[in-house]
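First up is the structure itself, then whatever we jot down about it.
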Amino acid sequence: MSRFLDARYQALQAYTPGEQPRDMVYIKLNTNESPYPPAPSVVEAITAGEVELLRLYSDPTGKELKEKLAQLYGVQPDMVFLSNGSDEVLNFAFMAFGGDGVTFPDITYGFYEVFGDLYRIPYEKIPLKEDFSIDHTDFCGKEKMVVIANPNAPTGLSLPLGQVERIVASNPDHLVLVDEAYVDFGGESFLPLIGKYDNLLITRTFSKSRCLAGGRLGYAFGNPEIIADLEKIKFSTNPYNLDRLTLRLGVATVEAEDYYREACEKIQKTRAWTTAQLESLGFQVLPSLTNFVFAKTDKMDGKALYLALKQRGILVRHFTNPRICQFNRITIGTLEQMQALIAAIQEILEGNHEKL
Ligand SMILES: *Cc1c(COP(=O)(O)O)cnc(C)c1O
């Protein structure tokens with residue numbers, strides 16, 4: 001730390017992204033990326049001509065992509081916000097709407113807490129129930145901003161729409177942010193109810209279901225006033241938050257919707273296969289509606305399993321929080337990758353048994 005850093009940030013604990021080691025080629029099941037490449041038409045969208053156009057600034061309004069998304073999801077373009085990954089719209093939302101404080105579950109996406117710290121917003125972490133589900137009544141009538149990931153991460157569990165609606169309806173004077181980063185893997189979106197509530201912001205990302213984590217493209221739906229507030233923050237920080245290539249990739253991605261639906265279906269099938277395999281090995285697997293599973297076994301410590309898999313070239317995500325440190329979060333890859341995972345776990349558990 002230099003002696004110039006503002007006192008406000010000296011104790012800030014930054015977000016820790018999942019590890020991206022370069023020492024060998026891993027089967028990467030630790031950051032919920034898609035195992036599939038973008039659609040061929042998306043790959044072809046970046047031509048030499050597009051690269052040459054980089055001498056010009058990108059469209060700060062993102063008009064074309066907003067219109068495409070609006071059409072796909074049946075909303076007006078002024079209800080759509082575009083961001084540099086959905087992390088950026090989360091950042092803006094905490095900045096813009098978190099003044100009275102924020103509340104979110106104790107076990108959820110780690111970035112919410114970092115934004116709370118960054119903006120010195122008082123936040124309340126409400127414990128998940130014993131079974132790791134969210135008790136929606138805990139989030140009703142809060143008199144502060146509410147942030148819920150639905151489905152939640154890293155648990156993979158989903159809240160029924162009726163319960164999300166009760167949270168939104170019971171907090172009419174504060175924003176309720178529903179983070180739908182994983183909604184395309186079998187979850188139910190709150191989007192159809194967007195016209196009914198003026199205190200709702202739904203955030204989404206191209207990182208998981210749209211195979212574009214490295215492209216950094218997020219989006220959000222809200223009523224036009226909320227979106228205008230977010231635009232004001234954006235134009236006050238970085239008007240060109242999306243570069244030309246990413247905008248181009250975004251448009252081509254929306255045009256290839258069928259390809260991504262199919263990819264998501266494949267992942268759901270592989271998720272079912274993986275869950276059954278893990279269960280047959282004695283794991284407890286939380287019922288997931290995402291592109292990952294959260295699993296633990298009584299036969300082996302969670303961290304020890306993570307390390308043993310890493311040694312065998314398979315990366316999963318382990319969290320040190322005592323409530324979940326026996327679990328590992330495992331991204332659903334291709335079927336071949338998951339077969340390799342299951343074989344490795346079998347081998348590890350057998351070796352472990354011999355030692356006992
Ligand atoms: C991955 C993730 C995000 C952010 O993804 P971006 O890559 O920044 O779009 C947001 N929320 C949750 C719950 C996530 O898991």
Side-chain angles (χ1 to χ4, degrees), residues 14-20 28-35 38 62 65 69 80-95 102 104-116 118 125 128 132 134 145-159 164 176-187 189-190 201-221 230 234 238 241-243 246-247 249-250 253-254 260 264 267 271 286 288-294 316-317 319 321 324 327-332:
Y15 177 73
T16 314
E19 57 187 329
Q20 310 278 5
K28 253 190 111 283
L29 308 175
N30 69 327
T31 48
N32 298 342
E33 290 139 329
S34 175
L65 180 54
L69 282 167
V80 183
F81 184 75
L82 301 175
S83 61
N84 193 308
S86 61
D87 287 340
E88 189 182 53
V89 62
L90 295 173
N91 176 16
F92 291 168
F94 273 74
M95 205 193 292
V102 183
F104 43 81
D106 65 335
I107 294 168
T108 189
Y109 187 40
F111 227 139
Y112 305 150
E113 187 165 358
V114 178
F115 289 132
L118 176 62
K125 294 197 276 182
L128 296 178
F132 295 109
I134 290 171
M145 178 171 153
V146 175
V147 180
I148 299 275
N150 197 43
N152 196 14
T155 63
L157 299 176
S158 236
L159 211 53
V164 181
V176 176
L177 190 159
V178 183
D179 181 340
E180 293 191 344
Y182 296 104
V183 78
D184 295 324
F185 300 100
S189 175
F190 201 71
L201 182 67
I202 295 173
T203 62
R204 300 266 191 94
T205 177
F206 281 60
S207 295
K208 280 96 188 208
S209 58
R210 261 56 178 260
C211 317
L212 216 56
R216 311 307 302 130
L217 183 54
Y219 59 112
F221 300 114
L230 291 169
K234 175 189 124 155
N238 185 9
N241 63 335
L242 292 177
D243 64 84
T246 300
L247 286 168
L249 291 168
T253 297
V254 176
Y260 294 98
C264 289
I267 287 167
R271 181 180 72 206
L286 301 191
S288 167
L289 288 178
T290 63
N291 67 339
F292 58 83
V293 288
F294 202 49
V316 299
R317 185 90 193 252
F319 298 89
N321 175 338
I324 53 172
F327 283 83
N328 278 289
R329 192 194 68 190
I330 305 167
T331 304
I332 302 299

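Just so it is clear, the structure is predicted and the values come from calculations on it, not from any experiment. For ligands, and for the atoms within them, numbers begin at 1 and follow the listed sequence.
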Residues passing the side chain to side chain contact (heavy atoms under 4.5 Å, CB included) test with Ser288, sequence neighbours excluded, are Arg271, Thr290, Val293
Centroid-to-centroid, Phe292 to Tyr182, below 6.0 Å? yes
For Ser209, what residues pass the side chain to side chain contact (heavy atoms under 4.5 Å, CB included) criterion, not counting sequence neighbours? Asp184, Phe185, Cys264
Expected rows: ligand 1 N/O, protein N/O, dist below 3.5 Å:
| residue | atom | partner | partner atom | Å |
| --- | --- | --- | --- | --- |
| ligand 1 | 5 (O) | Ser86 | OG | 3.4 |
| ligand 1 | 7 (O) | Ser207 | OG | 2.6 |
| ligand 1 | 7 (O) | Arg216 | NH1 | 2.7 |
| ligand 1 | 7 (O) | Arg216 | NH2 | 3.4 |
| ligand 1 | 8 (O) | Ser86 | N | 3.2 |
| ligand 1 | 8 (O) | Asp87 | N | 3.0 |
| ligand 1 | 8 (O) | Asp87 | OD1 | 3.3 |
| ligand 1 | 8 (O) | Asp87 | OD2 | 3.1 |
| ligand 1 | 8 (O) | Arg216 | NH2 | 2.8 |
| ligand 1 | 9 (O) | Ser86 | N | 2.6 |
| ligand 1 | 9 (O) | Ser86 | OG | 3.0 |
| ligand 1 | 9 (O) | Thr205 | OG1 | 2.5 |
| ligand 1 | 9 (O) | Ser207 | OG | 3.3 |
| ligand 1 | 11 (N) | Asp179 | OD1 | 3.4 |
| ligand 1 | 11 (N) | Asp179 | OD2 | 2.6 |
| ligand 1 | 15 (O) | Tyr182 | OH | 2.6 |
| ligand 1 | 15 (O) | Lys208 | NZ | 3.0 |

What I'd like to find out is whether the side chain of Phe115 reaches to under 4.5 Å of the side chain of Tyr15, using heavy atoms alone. no
Sequence-distant partners of Phe221, ring pair (Phe, Tyr, Trp, His ring centres under 6.0 Å), two or more places apart: Tyr73, Tyr219
Enter the distance from Tyr112:OH to Met145:CE here, rounded to the nearest 0.5 Å. 9.5 Å
